[in-house]
Amino acid sequence: RILMVAEDAIVSADAHQKIILFNLAAERMFGYRAEEVIGQPLSILIPLAARAGHGRQVEAFGAARDASRMMSERPGVLGVRRSGETFPLEATITKVEAAGALTYTAHLRDVTTRNEVRDRLLESERRTRAVFDHATEGLALLDRHGLVLEINHAGTALTSGGVATGVALWELPWLGAGDTAPLREAITHAGSGVGSAFSAELQRGGVPLPIEVRVTPIRDDGGVRYILVEGRTA
């Protein structure tokens, strides 16, 4: 009864990979009633193209010494609903041998929603990265202490090379920079929550290169989390 009302879908099969237990969550997940699948091959829950390989993997697991295995360690674990719809699964399979009879039990979770959220986050990150990297002004993202987390292509172009993360922004080899104290002071103030803007001058090939610099603290519920430094040629 505990297995039948468990939140996860639970499917058990015998040594011949015939279904012997199909709980209520499995009914909801796959769209079958338990009486429809009891005695049926476990493969009816697997997409057609993957059935042969899945059967061999279960046999190999039965012969192995480990008692349980995360099937999700393999990419692309899929189930198939009664409707024919395929969906991604997180699965753990366990085997028990009692009185000479081998039983496999799989705990299953439909991760469709989780994967969709992950994919949206990845796409959002790709878009943000594209904007950051291809912005015409130099951008540097710092931690609240002024250490470089990321710097874009335009920002790197304002240095003589050797840009590295984990160092203070004012310690980078800026082109022909003299006094970097104003930059350090602005970043220190931003770490306390105060933004600022100032003008600076670099040198490129002996030619003055005026820069307008803006330093902005980025906050969350815990206070200043990041500092954004923008450098635009005047």
Side-chain angles (χ1 to χ4, degrees), residues 1-133 149-150 165 220-222 225:
R1 179 169 178 80
I2 291 173
L3 293 176
M4 287 302 295
V5 299
E7 183 177 349
D8 287 346
I10 298 177
V11 179
S12 292
D14 62 18
H16 304 292
Q17 300 187 37
K18 302 290 187 181
I19 298 171
I20 58 175
L21 183 142
F22 201 76
N23 75 345
L24 296 174
E27 290 186 343
R28 293 191 294 270
M29 179 182 290
F30 290 98
Y32 293 101
R33 296 190 306 274
E35 56 267 28
E36 294 179 286
V37 297
I38 297 298
Q40 295 296 315
L42 184 61
S43 61
I44 67 171
L45 307 178
I46 307 297
L48 184 60
R51 288 179 184 178
H54 179 267
R56 289 192 296 269
Q57 289 163 358
V58 173
E59 289 176 359
F61 171 59
R65 298 183 63 181
D66 45 336
S68 63
R69 182 173 297 174
M70 282 289 294
M71 295 173 65
S72 302
E73 292 172 357
R74 297 183 292 103
V77 178
L78 297 175
V80 61
R81 307 189 204 278
R82 183 175 187 171
S83 64
E85 175 194 2
T86 60
F87 62 101
L89 282 171
E90 181 179 84
T92 301
I93 184 170
T94 303
K95 64 183 179 185
V96 175
E97 187 170 352
L102 181 64
T103 300
Y104 302 101
T105 297
H107 292 245
L108 309 169
R109 289 184 180 179
D110 182 342
V111 293
T112 300
T113 300
R114 186 175 71 185
N115 287 357
E116 288 174 349
V117 171
R118 178 203 63 197
D119 291 344
R120 286 197 296 270
L121 287 174
L122 288 174
E123 178 59 24
S124 176
E125 182 179 349
R126 282 191 290 267
R127 293 175 181 177
T128 301
R129 169 62 59 188
V131 171
F132 183 84
D133 285 342
L149 299 174
E150 299 185 54
T165 58
D220 61 13
D221 293 341
R225 181 70 177 272

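Worth knowing before you read on, the calculation uses all heavy atoms, side chains too, and leaves out hydrogens, waters and symmetry mates.
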Student: Taking the side chain as everything from C-beta on, heavy atoms only, tell me whether T105 gets closer than 4.5 Å to V96.
Tutor: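 No, too far: nothing below the 4.5 Å cut-off.
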
Student: Determine yes or no for a side-chain-to-main-chain donor-acceptor pair under 3.5 angstrom, with D8 supplying the side chain and H107 the backbone.
Tutor: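 Pair absent, no side-chain N/O of D8 close to backbone of H107.
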
Student: Would you call R56-E59 a salt bridge at under 4.0 Å N-O?
Tutor: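 E59 and R56: not salt-bridged.
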
Student: For the CG atom of N23 and the CD1 atom of I10, what is their distance to the nearest 0.5 Å?
Tutor: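 Going from the CG atom of N23 to the CD1 atom of I10 covers 5.0 Å.
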
Student: Among V37, T103, L3, find the residue that satisfies the side chain to side chain contact (heavy atoms under 4.5 Å, CB included) test when tested with L21.
Tutor: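 That would be L3.
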
Student: Is there a side-chain contact between Q57 and I93 (heavy atoms, below 4.5 Å)?
Tutor: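 In short, these two side chains do not touch, never coming nearer than 4.5 Å.
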
Student: What pair of heavy atoms forms the shortest contact from P47 to T86, and how long is it?
Tutor: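 Taking P47 first and T86 second, the nearest heavy atoms are CG-CG2, 3.9 Å.
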
Student: I'd like to know if the side chain of R51 reaches the main chain of S43, judged simply by a donor and an acceptor atom lying under 3.5 Å from each other, with no hydrogens or angles considered.
Tutor: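 Answer holds: yes.
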
Student: Using modelled atom types and a 3.5 Å cut-off, is there a donor and acceptor pairing between side-chain atoms of Q17 and backbone atoms of V58?
Tutor: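 Pair absent, no side-chain N/O of Q17 close to backbone of V58.
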
Student: With a 4.5 Å heavy-atom cut-off, do F87 and M29 have their side chains touching?
Tutor: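 Contact flag for F87/M29 side chains = yes.
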
Student: Is there a side-chain contact between F30 and L108 in this structure, where contact means two heavy atoms from C-beta onward sitting under 4.5 Å apart?
Tutor: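 Yes - at least one pair of side-chain heavy atoms lies under 4.5 Å apart.
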
Student: Report, as yes or no, whether the 6.0 Å neighbourhood of atom CZ on R118 holds more than 12 heavy atoms from other residues, nucleotides or ligands.
Tutor: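 Check passes, neighbour count above 12.
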
Student: Between P88 and T112, what is the shortest heavy-atom contact and its length?
Tutor: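 Here P88 and T112 meet closest at CD-OG1, 3.3 Å.
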
Student: Could you tell me whether the side chain of S124 and the main chain of R120 form a donor-acceptor pair under 3.5 Å?
Tutor: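 Here the side-chain-to-backbone pair does not exist.
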
Student: Can we say R129 and E125 salt-bridge, meaning some charged N sits less than 4.0 Å from an Asp/Glu carboxylate O?
Tutor: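 So R129 does not pair with E125 through a salt bridge.
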
Student: Do I19 and Y32 come within less than 4.5 Å of each other through their side chains, counting heavy atoms only?
Tutor: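 No. Closest side-chain heavy atoms not under 4.5 Å.
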
Student: Are the side chains of L42 and H54 in contact, using a 4.5 Å heavy-atom criterion?
Tutor: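 SC-SC contact between H54 and L42 confirmed.
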
Student: Does R127 CZ have over 12 foreign heavy atoms under 6.0 Å away?
Tutor: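 Count not over threshold, so no.
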
Student: At what distance, to the nearest 0.5 angstrom, does NE2 of H16 lie from CG of L102?
Tutor: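 Taking NE2 in H16 and CG in L102, the distance rounds to 10.0 Å.
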
Student: For Y104 and A15, which heavy atoms make the closest approach, and how far apart are they?
Tutor: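 Heavy atoms only, the tightest pair is CE1-CA, 4.2 Å.
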
Student: Rounded to the nearest 0.5 Å, what separation is found between the CD1 atom of I46 and the CG atom of L78?
Tutor: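 These two atoms lie 8.5 Å from each other.
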
Student: Take E123 and R126, measure what salt bridge (charged side-chain N to carboxylate O under 4.0 Å, His left out) needs, and give me the verdict at the end.
Tutor: CA-CA 5 Å; E123 178 59 24; R126 282 191 290 267; 2.9 Å; yes

Student: Is the shortest side-chain heavy-atom distance between E36 and R82 below 4.5 Å?
Tutor: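 The answer is yes, as the side chains (C-beta and beyond) meet within the 4.5 Å cut-off.
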
Student: Looking at every heavy atom in both G39 and K18, which two are closest together, and how far apart are they?
Tutor: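 Result for this residue pair: O-CD, 3.6 Å.
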
